[in-house]
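Residue numbers begin at 1 in each chain, while the letters A, B, ... track the order of the sequences.
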Amino acid sequence: MPLDGGSILNYDSVMQLALERGFYFPSCEIYADAQAGFWEYGPSGVSVKAKFIELWRRELVRRDGMLEVDGAQIMSQSVFEASGHLASFADPVIKCRQCGSNYRADRLISEAAKIEIPESADLGDFDKTVLEKNIRCPKCKGEFDKARKFNMMFKVEIGPEAEPAYLRPETCQSIFVDFPRLFKTMRGKLPLGIAQIGKSFRNEISPRQSLLRLREFYQAEIEVFCNAAKLDDLDRFSEVRDTTIRLWINGELKAMSCQAAVETGVLPNRFVAYYLGILTEFYEKTGIDMARSRFRRLGEKEKAFYASIAFDFEVQTAIGWLELVACNYRSDYDLSSHAAKSKEKFEVLDDEQKVLPHVFEISMGIDRSIYTILEHSLRDEKENERIVLSIKPYLAPVHVGVLSLVKKDGLKEKTDEVYLKIKRRYDAFLDHSGAIGRRYRRLDEVGAPFAITVDHQTLEDNTVTLRQRDSMQQERIKISDIDSVLSASTAFP
RNA sequence: GCGGCCGUAGUAUAGCCUGGUAGUACGCUGGCCUUCCAAGCCCGUUACCCGGGUUCAAAUCCCGGCGGCCGCACCA
């Protein structure tokens, strides 16, 4: 499905761009013991990520009047006892004594003996069944060691006594834990969104594909606390009434307005529809091709252990459908477990009524979103002999290149002056060296939407050429107009 | 974690089988030239994933580790 004037590039092209132009690259790469699943953002990547986050704040946090927090990455063991991660964010595995192969205990038993044991069962139950049914390694017929739990959380030791704690596997736990204080001190009123951007950590067995499956990754999470009795009572639903959302239900795509989705019962209530609606409007502004996106309703077996209704926002990429956002209706799972464990009160007043809020979660993968923006924006324009990153101007790592047509005759000095005038307000890149066409190509590749070129005419009348990345067309503007032109065309929508 | 394939400058690769001076392209630095789209010329720069073994000699052969891609499984 080629876009106008260019073909869509694959994963390898995005990877090559990322390495060559400073978007992202492997962490600790000069050392042989560098582990997979850890990546650095380079200068271009940092710039895009910062702008992506700013867009997220504008379109979700500020739009909906959410509160944003920034919690600790290391959290106490009690948090994860209450959240269920210590018990459930783990797979039971058994290892063959002879050949060393590891298996998921529940799956192996189900296949070998046709007995279903839930993965959260006691480890002894697995051992007992393996022994009773004499289950042996499928590869070498060897005997198994005792079952153990492989927990995907990174454990850390605090202080000289090595008290156990964990790197958070999702950012939202601090939001739940902080909820009582935030609601009280920030004069909260249901429904209330609390948002957080930050790093999460998961000890993935097999991290892969650069930013797509990481052990250390960025999440932008939103937990909306609500009164479960009022899920259709939401005034601001009218803002998204006519917004089209693309729903994938039971193997079928249904594109419909939020209003229609609620009326036909495809979505359970206005509350869920509203948040899927504003999430759609946010992603439209990232430049991701929404025609290649969908909200997929998850079946019972796919849902996370805490979710009662779940939609994944997925996009089609070169490597297949990719999950960018998990939207889970977590009911009162989190607040009631933290209430029980901590003895803290989590009920709040809503219209004179005491309620334990329910939670709807919008859990966004930032790294995956950045990758998708790059992949969906990158084009190979054969006719112009260029690779161009047609990223939205407000997300571009470089807003504008500032170039001298040639270095001599005082053009270099004049160019430096122009650069000095704008570099605080924009991400500007100054370049004097090499052929002008080559410099334009470099800027195209890094996604700079504009290039300003100082030529001989500039010395006479103080005008410069302004080149548009996508059309390659140029116009002459006054130096004194540069700021207003850039300001208008790189502004967030 | 398992199976298959693979690892050489910033990037893409040749060389590996058959051990003996590591080559090419693009890029990048500087210079000449140049009045707007990867022009040309000159100069320069940068690499054998890590460790061990065999050998007079290892990018090359052997072993281990780490990493990458694909599949299985798992997930934001």
With rounding to whole Å, what would you report as the distance between B/rA14 and B/rU8 at their P atoms?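 About 10 Å, rounded to a whole number of Å.
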
If I pick the C1' atom on B/rA12 and the same atom on B/rG30, what distance separates them, to the nearest angstrom?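 It comes out at 25 Å once rounded to the nearest Å.
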
Give me the stems containing RNA chain B, sorted by first residue, counting only three or more consecutive Watson-Crick or G-U pairs with both distances under 3.5 Å; say none if there aren't any.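 So the stems come out as B:1-7 with B:66-72, B:10-13 with B:23-26, B:30-32 with B:40-42, B:49-53 with B:61-65.
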
Where the side chain of A/Arg368 is defined as all heavy atoms beyond and including C-beta, which of B/rA39, B/rC36, B/rA76 is the nearest nucleotide?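 Looking only at side-chain atoms, A/Arg368 lies closest to B/rA76.
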
Give a yes/no answer on whether the side chain of [X] brings an N or O atom under 4.0 Å of OP1 or OP2 in [N].
| X | N | answer |
| --- | --- | --- |
| A/Lys408 | B/rU34 | yes |
| A/Arg438 | B/rG27 | yes |
| A/Lys407 | B/rC33 | no |

Taking the side chain as every heavy atom from C-beta outward, state whether A/Ile452 and A/Ile477 have any atom pair closer than 4.5 Å.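 No - every pair of side-chain heavy atoms lies 4.5 Å or more apart.
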
Annotated protein contacts, base or backbone, on nucleotides 60-71 of chain B with a non-hydrogen cut-off under 4.0 Å, one of B, S, - each: ------SSSSBB

Please confirm whether the ring centroid of A/Phe282 lies under 6.0 Å from the ring centroid of A/Phe52.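 They qualify: ring centres under 6.0 Å apart.
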
Can you list, by residue number, the residues of residues 453-463 of chain A that have a non-hydrogen atom closer than 4.0 angstrom to RNA chain B?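 Result for residues 453-463 of chain A: A/Thr453, A/Asp455, A/His456, sorted by number.
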
Between A/Gln474 and A/Phe217, just flag the one whose closest nucleotide in RNA chain B comes earlier from the 5' side.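 That would be A/Gln474.
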
